[in-house]
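Reviewing the structure listed below.
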Protein chains: 2
Amino acid sequence: MKRKITLKQIAKELDVSISTVSKALRNSVEISEDTKQKVQAFAKLYNYRPNNIALSLKNRKTNTIGIIIPEIVHHFFSKVIRGVELVANQRGYNVIVGLSNESFAKEVINMEMLANGSIDGFIISLSKETLRQQDYHHFNETINQGMPIVMFDRVVNEIQCDKVIVDDFEGAKNAVDKLVNNGCNNVALITTKDYVSVGRLRTQGYIESLKNHNLELKSELILKLDDNIDYEVNLDALEKEIQQLFKANKTIDGIFAVNELYALTAMRVASRLGFNVPNDIQVVGFTDGVLSKHSTPSLSTVSQHAQLMGEKAATLLIDRLENDDDYENYQTQIIASELIERESTK
Amino acid sequence: MKRKITLKQIAKELDVSISTVSKALRNSVEISEDTKQKVQAFAKLYNYRPNNIALSLKNRKTNTIGIIIPEIVHHFFSKVIRGVELVANQRGYNVIVGLSNESFAKEVINMEMLANGSIDGFIISLSKETLRQQDYHHFNETINQGMPIVMFDRVVNEIQCDKVIVDDFEGAKNAVDKLVNNGCNNVALITTKDYVSVGRLRTQGYIESLKNHNLELKSELILKLDDNIDYEVNLDALEKEIQQLFKANKTIDGIFAVNELYALTAMRVASRLGFNVPNDIQVVGFTDGVLSKHSTPSLSTVSQHAQLMGEKAATLLIDRLENDDDYENYQTQIIASELIERESTK
DNA sequence: AAGCATCACGAAAACGTTTTCGTGTTAAAA
DNA sequence: TTTTAACACGAAAACGTTTTCGTGATGCTT
């Protein structure tokens with residue numbers, strides 16, 4: 001077990017100075033051809049690679065970006081990571097992952113851990129708890145220390161930084177437009193409480209679409225679920241909520257749900273109550289998940305292009321890292337969503 | 001925009017030496033109470049945090065572990081990451097993620113990028129291409145340089161290191177046992193080509209179970225799919241293969257599939273051909289995916305406890321990193337799988 | 001008053017790089 | 001022969017820590 005070889009060791013072996021070795025390896029004109037050859041051959045033989053940590057310290061640049069997400073076991077977020085990783089790698093960066101697990105405290109701790117030199121910048125999607133508490137001091141502190149942040153998906157107006165978001169409003173509007181155009185007159189909405197920005201925007205898109213079609217907005221058709229409850233493990237509770245919605249409103253002929261789980265569960269409950277999807281009730285979800293494609297009937301959905309979001313976020317961040325000149329001209333990129341029609345709509 | 005404060009700056013401001021500041025902050029007895037208070041107050045005021053990179057360089061230890069996986073948009077792997085991250089964070093480590101994208105070259109490049117000082121050790125699941133080419137030189141080189149590796153799930157006997165695996169053989173055997181005990185006499189197997197170790201082991205479990213029940217092993221009931229094809233995008237191709245299996249073997253009354261997609265597709269094809277699941281045909285998959293739970297009928301499956309695998313792998317790695325003494329007593333931990341019965345079996 | 005601990009702190013090395021600047025040697029120019 | 005320029009290399013600083021060792025000042029013991 002031989003440790004990794006360093007410049008110092010090469011210098012010693014070849015009886016030259018460390019500077020000479022360093023220059024020889026970087027093909028400096030200061031060094032004679034002879035010496036260069038000798039050093040390079042030796043370095044190759046021993047498979048020399050510069051130590052990243054030493055380089056980071058010297059250059060005050062780690063070539064690493066940190067991504068902090070609320071949850072990794074989630075199709076949307078893992079696709080974002082893939083996008084980030086893709087462009088990061090292309091541009092010579094590594095990606096370090098932190099999970100906030102939807103907790104404010106973990107988000108803060110994670111950021112502090114990474115902000116002390118480990119990374120050059122952050123890509124982040126806020127935890128629900130952070131959104132609820134509206135405590136954003138850690139972002140401002142980070143930015144004030146000269147470390148750029150790019151927020152994606154769950155963003156917040158209070159913080160000045162680059163952002164990448166989905167056109168939640170437009171996406172929702174289009175989805176509901178589709179349902180209405182397909183003949184639905186009583187489109188219900190299954191959404192989250194308003195503090196999650198994306199939930200709020202999608203709700204507004206729903207409302208806008210109804211208005212544009214001169215349809216009455218009936219509050220009893222809007223089911224706002226408390227998404228602190230993990231319905232993935234409490235499926236029964238979710239089913240009950242939705243079943244109640246159907247029972248109380250027999251005329252429902254369309255469902256727009258702000259995520260995949262809600263949409264899918266709605267479909268299942270509808271079937272159980274004897275409705276046919278899409279003939280009696282049409283359903284559209286909002287997501288990038290795998291479930292939609294493989295369910296029966298397969299679910300029409302608003303795709304968010306998660307991987308593209310990741311790519312854009314990484315590009316934004318790295319561009320900023322590599323151009324010190326452009327100063328505080330923060331931009332917000334909006335990724336167009338796309339309605340993917342499957343069997344749950346006509 | 002104030003840069004992060006350093007020991008040197010504190011020393012300058014307070015007109016003491018760097019050593020004094022460092023010692024004062026670590027509460028050394030060498031320093032007088034007065035000075036300590038002064039320094040600590042100042043440090044707190046300016047929110048001093050030691051620079052991780054400098055520490056890493058000094059200690060020759062990064063407190064970061066690298067995980068290299070073939071694909072992140074995959075329920076199994078993201079759950080493993082969650083497990084790794086969980087114990088890594090608990091023990092003060094960060095996690096850096098590399099994606100091989102099932103490519104040998106990317107696996108090598110990723111490892112080389114990280115092995116040059118960025119991390120203390122690897123957790124890795126081999127890419128399919130690596131398994132096919134059986135070229136493991138990069139692992140040996142890494143280990144020889146004193147950097148420990150823990151392999152999980154897709155492992156390989158040729159490399160001496162810690163490993164965490166699922167009892168693929170037992171898991172498959174139990175699944176097929178279940179089918180046979182439920183009355184299936186013609187259980188088909190949908191699997192991958194043999195070079196993926198987990199596929200091979202699951203196939204052997206299938207064979208063993210049939211043998212134990214004195215059932216004839218019929219090669220026409222074994223469908224070996226080429227998993228270089230991404231059936232997730234080529235669903236049609238997959239359906240055709242499976243449809244052919246059914247058409248050629250009318251007596252099939254049970255299916256064991258080595259992954260979720262195969263199992264789910266088999267269910268769908270079966271329904272389309274007019275079979276009822278589970279009354280005519282029972283199906284069991286092998287996976288930790290989300291699809292199984294939400295499909296109709298929901299899919300019985302062999303769970304691999306992905307998160308637990310991640311936790312074990314991280315524990316194994318960190319234990320080794322922190323105990324230089326226990327030398328090369330590599331262990332292989334086997335995670336028991338669990339048969340989760342849902343609607344696709346009786 | 002001389003010797004000796006104890007105290008409180010600073011200098012310097014080390015981790016592994018890169019880079020600036022200085023310097024000794026050789027060859028060309030005056 | 002002397003001056004100058006080019007060449008080839010080394011010393012040292014810097015990045016931000018921690019830690020070992022040295023040292024001047026003080027107070028105590030004889």
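What you see is a predicted model, and the numbers here were worked out from it, not measured in a lab. Each chain gets a letter, A, B and so on, in the order the sequences are listed, and its residues count up from 1.
- The phosphate of D:dG16 (OP1 or OP2) has no side-chain N or O of A:Lys58 nearer than 4.0 angstrom.
- For A:Lys23, counting side-chain heavy atoms from C-beta on, the closest listed nucleotide (D:dA11, C:dC9, D:dT18) is D:dA11.
- Using a 4.0 Å heavy-atom distance criterion, A:Leu55 is classed as a sugar-phosphate-only contact.
- Considering only side-chain N and O atoms, A:Ser22 lies under 4.0 angstrom from the phosphate OP1 or OP2 of C:dT18.
- Protein atom CD of B:Glu33 is 13 Å distant from nucleotide atom P of C:dC7, rounded to whole Å.
- Rounded to whole Å, atom P of D:dC21 lies 12 Å from atom CD of B:Glu30.
- Comparing atom distances between the B:Ala54 side chain and each of C:dT19, D:dT19, D:dT17 picks out D:dT17 as nearest.
- At a cut-off of 3.5 angstrom, counting only N and O atoms as typed in the model, there is no donor on one side facing an acceptor on the other between the side-chain of A:Ser17 and the base of D:dA11.
- Straight-line distance from the NZ atom of A:Lys8 to the C1' atom of C:dT17: 12 Å, rounded to whole Å.
- A 6.0 Å sphere centred on OH of B:Tyr46 holds no more than 12 heavy atoms belonging to other residues, nucleotides or ligands.
- For A:Asn51 and B:Asp15, each mapped to the nucleotide of DNA chain C holding its nearest heavy atom, the one lying further toward the 5' end belongs to B:Asp15.
- Atom-to-atom, CZ of B:Arg26 to C1' of D:dG16 comes out at 13 Å; the value is rounded to the nearest Å.
- In this structure, A:Ser56 reaches neither bases nor backbone, as no heavy-atom distance under 4.0 Å exists between it and the strands shown.
- Looking at the side chain of B:Ser19, the nearest of the listed nucleotides D:dG16, C:dT18, D:dT19 is D:dT19.
- The CG-P distance, from B:Leu7 to C:dA14, rounds to 20 Å in whole Å.
- Distances shorter than 4.0 Å separate some side-chain N or O of B:Arg60 from OP1 or OP2 on C:dG16.
- OP1 and OP2 of C:dG16 both lie 4.0 Å or more from every side-chain N or O belonging to A:Arg49.
- A salt bridge between B:Glu102 and B:Arg132 is absent, with no side-chain N of the basic residue lying under 4.0 Å from a carboxylate O of the acidic one.
- Tested against B:Ser118 for a side-chain hydrogen bond (donor to acceptor under 3.5 Å, both in side chains), the candidates A:Asn51, A:Asn52, A:Thr64 yield a single pass: A:Asn52.
- Distance NZ (A:Lys38) to C1' (D:dC9): 11 Å, rounded to an integer number of Å.
- Between A:Asp319 and A:Arg91 there is a salt bridge, since at least one side-chain N of the basic residue sits less than 4.0 Å from a carboxylate O of the acidic one.
- OP1 or OP2 of D:dC7 has not a single side-chain nitrogen or oxygen of A:Ser32 nearer than 4.0 Å.
- Applying the 4.0 Å criterion to OP1 and OP2 of C:dG16, one finds that A:Tyr48 has every side-chain N and O outside that range.
- Look at B:Thr35 and you'll find a side-chain N or O under 4.0 angstrom from OP1 or OP2 of C:dC9.
- Ion pairing of A:Glu85 with A:Arg82 is absent here, as no side-chain N (NZ or NE/NH1/NH2) approaches a carboxylate O to less than 4.0 Å.
- If you take CG of B:Asp34 and P of C:dC7, they are 15 Å apart, rounded to a whole angstrom.
- Here the side chains of B:Phe77 and B:Ile72 are not in contact, with every heavy-atom distance at 4.5 Å or above.
- Side-chain atoms of A:Thr6 lie closest to C:dT17 of the nucleotides D:dT17, C:dG10, C:dT17.
- Remark: P of D:dT17 and CG of A:Leu57 are 9 Å apart, rounded to the nearest angstrom.
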